[in-house]
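Here the structure is laid out as C-alpha cells; the discussion comes afterwards.
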There are 2 protein chains.
Amino acid sequence: MTDTTDIALDDGLRELIGYSMKRATTMVTADAARVLEPMGLRITTFSALTVICNAPGVRQTELAAALGMERSNSVAVIDTLEKSHWITRERSAQDRRAIALHPTTAGIMRQKQARLALLTHEDRMFADLSPIERRDLVKLLSKIRA
Amino acid sequence: MTDTTDIALDDGLRELIGYSMKRATTMVTADAARVLEPMGLRITTFSALTVICNAPGVRQTELAAALGMERSNSVAVIDTLEKSHWITRERSAQDRRAIALHPTTAGIMRQKQARLALLTHEDRMFADLSPIERRDLVKLLSKIRA
DNA sequence: TATTGTTATACTCTATAACTATA
DNA sequence: TATAGTTATAGAGTATAACAATA
C-alpha cells in the first residue's frame, strides 16, 4: 500500500447507494443460482414456478406482470417448466386466447424442495443480520420509489 | 378481486430477501442507466471512469478486480472510454505487460457531471428514506456475506 | 512458469416489433 | 380494435478458454 489511508479503488462509487445494492444483490443472486442449478432450476424458472404453485390457473400475462418481465420473455421460461413436466398449459374455456398455468405434483414437490434450499441459502448469506435487521432491510428496500 | 385478503401473485417470493433486493436493485439501476444514457455512459463505463479518475494510473487488471468483473470483459469497457477520449492507455515503463489508465480533462469533467446527475437521481429514488435510513440500508447490505 | 492484456465464444437476461388467433 | 400468446431479433452483462508479449 502506497497510502496510509489505504483507500479502496472503488471508493468513489461507494457514495452511491445503488452501487452497494448492485454488488450485494449480485452476490446473493449468484449464490441462489448455484443452489438452484443442481435442481434444474434458475432464478427465473423458480420464480415462475413459485407463482404458478401459489396461484394455480394464473395466465401467462398475469405471471409475467407479477414478475416484472416481458410477456415475450416469459414464453421460454414457461416452455422450460413445461418440458420438465412441472407445469401444464391449459387453454382457458372462457377466453380461448388465454392459457391457464397449473403445477403438476412433481412441480409442487420441486418448488417446495427449492424453497427450502433457498431459505437455507439465505440463512447462510444473512447470518450476520438479526431477524429484526432482515426485516428492516426489506422495509428500507420497499421505501425506494421509481 | 376474488379473495378478501387480496394476496399478490408474487407473495410466495416475498419471503425471500433476495427477491426484494433484486426487484429494488433493478428499479434503481434501470433509472441510473436512463440518467447516464444521454451523457454517452452506461453503468459499467461510468464505474470504470470513476475508478480511473480517483486512481489515475490504475492497471486494467486492478480496475476489473475492483469492479468485480472479468479482465476480459473490461477490455470493451475501456475501449469505449478510450474512443470517447475520456481516458488514455499508457504502457507501463516498469512492467511492459501492464497498461496504466489515465483520465483526460474531458473525462474528468464528464465523470463529475455524471456523478452529480446520479446523486440527483438517488435523491429522487431514496426521497422516502431519511439520511439515517440510507446509511442503515448500506450498513445492512454490507453485512451480507458470501 | 506466471501474469497482462486481448480475442473469441457462448449463455443469460432484457427489450422491441410483429405475427396469429381470438375477443 | 384490442388483447393473449408467440416468434424473431438484438443489446448488454457475464463467464471460460486460449493466445502473444513480457516478467
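Every chain is numbered from 1 and lettered A, B, ... according to where its sequence line falls, protein lines coming before strand lines.
- Contacts between residues 23-36 of chain A and DNA chain D, counted as heavy-atom distances below 4.0 Å, involve no residue at all.
- L36(A) has its side chain out of reach of R42(A): every pair of non-hydrogen atoms, C-beta onward, lies at least 4.5 Å apart.
- With rounding to whole Å, R42(B) atom CZ is found 9 Å from dG11(D) atom C1'.
- The side chain to side chain donor-acceptor pair (under 3.5 Å) pairs that include a residue from residues 54-72 of chain A are Q60(A)-R89(A), where partners are two or more places apart or lie in different chains.
- Residues I99(A) and K22(A) both approach DNA chain D. Their nearest nucleotides, taken by heavy-atom distance, put I99(A) toward the 5′ side.
- Against DNA chain C, the stretch residues 82-98 of chain B makes heavy-atom approaches under 4.0 Å through R89(B), R97(B), A98(B).
- In this structure, R96(A) has no salt bridge (charged side-chain N to carboxylate O under 4.0 Å, His left out) partners at least two apart in sequence or on a different chain.
- Formation of a donor-acceptor pair under 3.5 Å by the T45(B) side chain with backbone atoms of L41(B) is not found in this model.
- Judged by distance alone, with hydrogens and angles left aside, the side-chain atoms of E122(A) form a donor-acceptor pair with the main-chain N or O of I17(B) at under 3.5 Å.
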Which atom pairs, donor and acceptor, lie under 3.5 Å between side-chain atoms of residues 131-140 of chain B and protein residues at least two apart or in another chain?
from    : atom 1 : to      : atom 2 : distance (Å)
E133(B) : OE1    : S130(B) : N      : 2.8
E133(B) : OE2    : K143(A) : NZ     : 2.8
R134(B) : NE     : F126(B) : O      : 3.3
R134(B) : NE     : L129(B) : O      : 3.0
R134(B) : NH1    : D123(B) : OD1    : 3.0
R134(B) : NH2    : F126(B) : O      : 3.0
R134(B) : NH2    : L129(B) : O      : 3.4

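- Note: CD (E37(A)) to P (dT12(C)) measures 10 Å, nearest angstrom.
- Atom CD1 of I52(B) and atom CD1 of I87(B) lie 4.5 Å apart (nearest 0.5 Å).
- T104(B) places a side-chain N or O within 3.5 Å of a backbone atom of H85(B) that can act as its donor or acceptor partner.
- Summarising the geometry, atom OG1 belonging to T120(B) is positioned 13.5 Å from atom CE belonging to M125(B); distances are rounded to the nearest 0.5 Å.
- Rounding to the nearest 0.5 angstrom, the gap separating the OG atom in S47(B) from the CD atom in Q111(B) is 10.0 Å.
- The stretch residues 49-79 of chain B comes close to DNA chain D through E70(B), S72(B), N73(B), each having a heavy atom under 4.0 Å from the strand.
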